[in-house]
Amino acid sequence: MARIDEPQDPLFQAINTSLGFDRRLWREDIRGSIAHARGLERAGVLDAAERDRLISGLEAVGAEIESREFDFERGDEDIHMAIERRLTELVGPLGGKLHTARSRNDQVATDVALHVRGRATEARLLIASLMERLLELATEHDSDPLPGYTHLQRAQPVYLGHHLLAYFWMLRRDARRFEQVLEAAEEMPLGSGALAGLNFELDRETTAEELGFARPAPNSIDAVSNRDFVLDFLYAASACATHLSRIGAEIVLWSSSEFGFCEPDPGFSSGSSIMPQKKNPDAAELLRAKAPRITASLTTLLGVTHALPLAYSKDLQEDKPALFAAADELELALRVAERMLRGLRFDTERMASAAADDLPAATDVADMLVERGMPFREAHGIVGDLVRLAVETGRGLAELTPDELAERSELLDERYFELLGDRGWLESKRSPGGTSSAALAAQIDRATAALGELRSEP
């Protein structure tokens, strides 16, 4: 800016300023500046008294922002300039020394990395809370059957607990993705300068340790231009939001009169402006709608970084609106999902009645024939013929007569009717990960252990 002696055009100021959104980085900026002041003292740029005055001044600036007593000015292009300006007002010309051995480029990259680490940690905590809620519901409903679906057509019955745990494992993968975000953001950009490094030999390892990074970034050009950790966060957020949208969509479907499998929490529902009988699952519907908004943040930053030349370009300023919007929306959606599920009530009788239809047991009948030596394709054809007969005559499979069965295969004996008895086909799914009572109990134990591991991870 020293080269330019003419006032900036107001339109340029409007597009260039980032204070409207990056002021949220004030905690990270002050934290990084305090660590930098200590690094400057270790390098001999500051004496101990100067270091302490700068740290006290930074803490005072932080207190002003926290209490909303900080006065932002028109000339504050971003939060970093605003903090430096106010620091200089408090400590005098010494405030100008803080920018020694630091560029806005590595300063901003460090602040964003710190912010991403904090938001990824928060996302993992919220995911764990939602996983715990799902595990509680799955344990409570480990013996309540409902129809399973493919193509939104009744397929095979499962226990509700088994169905709910499908979302548990989706969220466990989401938590792992945010763990990978923390790994991606574990290298500290600070100390890289504008792009080429510094003329001062700072102890970057100590500063990285103080700020919670694993190590300093090894390449100064990559350090100031890298936003991969933001992209990783946005992908993890997009995948998680997509899973939440599936939970929301299912609650909307199941709470409809046509299904009647559940009733949403009144505190997360609304009525109609003209139809007094309505109870709308608005929160679940909004979970569906949040996913594309979060994914839009990912595509925005992918577009910003596409073909961007090294090292820093002002385009990278657009990383923060995308990051903040996605993190805010995801955290809200996770909190809503957990609270909404807390008040969700299932109509287990309605579910069991829907699951009592024995046509979905056709696959189990075919498997029984295969176990008795019949090739699967032949078994598939015979059972398909039984299904057609049952549908055409308005009966269930269990209502077919022994003579009708014998006409098609001598292997269709008493075992056929035992299989179609109460929950016989549910309990037949005994493979690990299946829906039988024994397999579900083992899965609940495994889910409990997985949640414990997640809770214990730093």
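Basis for what follows: all heavy atoms, side chains included, without hydrogens, waters or symmetry-related copies. Given the structure is predicted, the values throughout are model-derived calculations rather than measurements.
Without hydrogens or angle criteria, S353 side chain to E349 main chain gives no donor-acceptor distance under 3.5 Å. Under a 3.5 Å cut-off, the side chain of D106 and the backbone N or O of S192 do form a donor-acceptor pair. Not one N or O on the side chain of N280 forms a donor-acceptor pair closer than 3.5 Å with the backbone of D282. In this structure, T435 contributes its side chain and Y159 its backbone to a donor-acceptor pair below 3.5 Å. Side-chain atoms of R154 come within 3.5 Å of backbone N or O of A354 as a donor-acceptor pair. At least one donor-acceptor pair under 3.5 Å links the side chain of T299 to the backbone N or O of A296. Between the S255 side chain and the P264 main chain, no donor and acceptor come within less than 3.5 Å of each other. Under a 3.5 Å cut-off, the side chain of T295 and the backbone N or O of P292 do not form any donor-acceptor pair. Not a single donor-acceptor pair under 3.5 Å links the side chain of R133 to the backbone N or O of M340. Without hydrogens or angle criteria, E50 side chain to D47 main chain gives a donor-acceptor distance under 3.5 Å.
Shown are D174, L130, I294; of these, the side-chain contact (heavy atoms from CB on, under 4.5 Å) with L244 is made only by L130.
Between Y149 and F259, the ring-plane angle classifies as tilted under the 30° and 60° cut-offs. Ring-plane geometry between H163 and Y167 is classed as perpendicular, the angle between the planes exceeding 60 degrees on a 0 to 90 degree scale with a lower cut at 30. Relative orientation of the F324 and H115 rings is perpendicular, given thresholds of 30° and 60° on the angle between their planes.
For the pair I79/L19, a side-chain contact is recorded, criterion being any heavy-atom separation below 4.5 Å from C-beta on. With a 4.5 Å cut-off on side-chain heavy atoms, E205 and D203 count as touching. Side-chain contact between T207 and H36 is absent, with no heavy atoms from C-beta onward closer than 4.5 Å. Between S103 and V224 the shortest side-chain heavy-atom distance does not fall below 4.5 Å. Using a 4.5 Å cut-off on side-chain heavy atoms (C-beta onward), P321 and T300 make no contact. For the pair T206 and E209, the minimum side-chain heavy-atom distance is 4.5 Å or more. Contact check for Y312 versus L195: no side-chain heavy atoms found under the 4.5 Å cut-off. For the pair D232 and Q180, the minimum side-chain heavy-atom distance is 4.5 Å or more.
In plain terms, the two heavy atoms of L330 and A123 that are nearest each other are CD2-CB, 4.4 Å. Residues A101 and F200 share a closest heavy-atom pair of CB-CD1, 3.7 Å. Between M170 and R177, the closest heavy-atom pair is O-NH2, 4.4 Å. Residue E263 comes nearest to L344 through the heavy atom pair O-CD1, 3.6 Å, listed as atom of the first residue, atom of the second, then distance. Heavy atoms only, all atoms of each residue included: L231 and L298 are closest at O-CD1, 3.9 Å. Residues L202 and G39 come closest through the heavy atom pair CD2-O, 3.9 Å.
A salt bridge links E89 to R86: at least one charged side-chain nitrogen sits closer than 4.0 Å to a carboxylate oxygen. Of the charged side-chain nitrogens involved, none lies within less than 4.0 Å of a carboxylate oxygen, so that K320 and D22 do not count as a salt-bridged pair. Ion pairing between R342 and E136 fails under the 4.0 Å rule for side-chain N and carboxylate O. We find that D328 and R119 are joined by a salt bridge, their nearest charged nitrogen and carboxylate oxygen being less than 4.0 Å apart. By the 4.0 Å N-to-carboxylate-O rule, R176 lies too far from E179 to be salt-bridged with it. Salt bridge absent: R23 and D76 never bring a charged side-chain N and a carboxylate O closer than 4.0 Å.
Distance check: N105 CG to T110 OG1 gives 10.5 Å after rounding to the nearest 0.5 Å. One finds the CG atom of L323 at 11.0 Å from the CZ atom of F21 (value rounded to the nearest 0.5 Å). The OG atom of S245 lies 13.0 Å from the NZ atom of K290; values are rounded to the nearest 0.5 Å. Here the CG-CZ distance, from D111 to R24, works out to 14.0 Å after rounding to the nearest 0.5 Å. Of the inter-residue distances, the one linking Q107 atom CD with E84 atom CD reads 7.5 Å to the nearest 0.5 angstrom. Rounding to the nearest 0.5 Å gives a distance of 12.0 Å between CZ of R173 and CD1 of I127.
Residue-environment remark: CG (L152) exceeds the threshold of 12 foreign heavy atoms within 6.0 Å. Other residues, nucleotides and ligands contribute over 12 non-hydrogen atoms within 6.0 Å of the CG atom of D445. For R246, the CZ atom sits in a loose shell: 12 or fewer heavy atoms of surrounding residues, nucleotides or ligands are nearer than 6.0 Å.
The cationic atom of R350 (NZ for Lys, CZ for Arg) does not lie both less than 6.0 Å from the six-membered ring centre of W254 and within 45° of the ring axis.
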Item to complete: Begin with the C-alpha distance, continue with both residues' side-chain angles, and end with the deciding distance and a verdict on side-chain contact (heavy atoms from CB on, under 4.5 Å) for D78 and R104.
Response: CA-CA 10 Å; D78 54 34; R104 190 62 47 83; 3.3 Å; yes

Discussion item. Assess the residue pair L316 and L308 against the criterion (side-chain contact (heavy atoms from CB on, under 4.5 Å)); give the C-alpha distance rounded to whole Å, side-chain angles, the decisive distance to 0.1 Å, and a yes or no.
Written reply: CA-CA 9 Å; L316 290 175; L308 197 65; 3.8 Å; yes

Worksheet item: Given R27 and E66, is the salt bridge (Lys or Arg N to Asp or Glu O under 4.0 Å) satisfied, shown in steps?
Response: CA-CA 9 Å; R27 290 183 180 85; E66 182 77 57; 3.2 Å; yes

Practice prompt. Go through F229 and V112 one step at a time and tell me if the side-chain contact (heavy atoms from CB on, under 4.5 Å) criterion holds.
Written response: CA-CA 9 Å; F229 53 89; V112 175; 3.8 Å; yes

Fill in: Test log, rule side-chain contact (heavy atoms from CB on, under 4.5 Å), inputs I34 and E59
CA-CA 9 Å; I34 289 174; E59 290 173 343; 4.1 Å; yes

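For the residue pair R102 / S33, a side-chain donor-acceptor distance below 3.5 Å is found, with atom types taken as modelled. A side-chain donor-acceptor contact under 3.5 Å links W169 and Q443.
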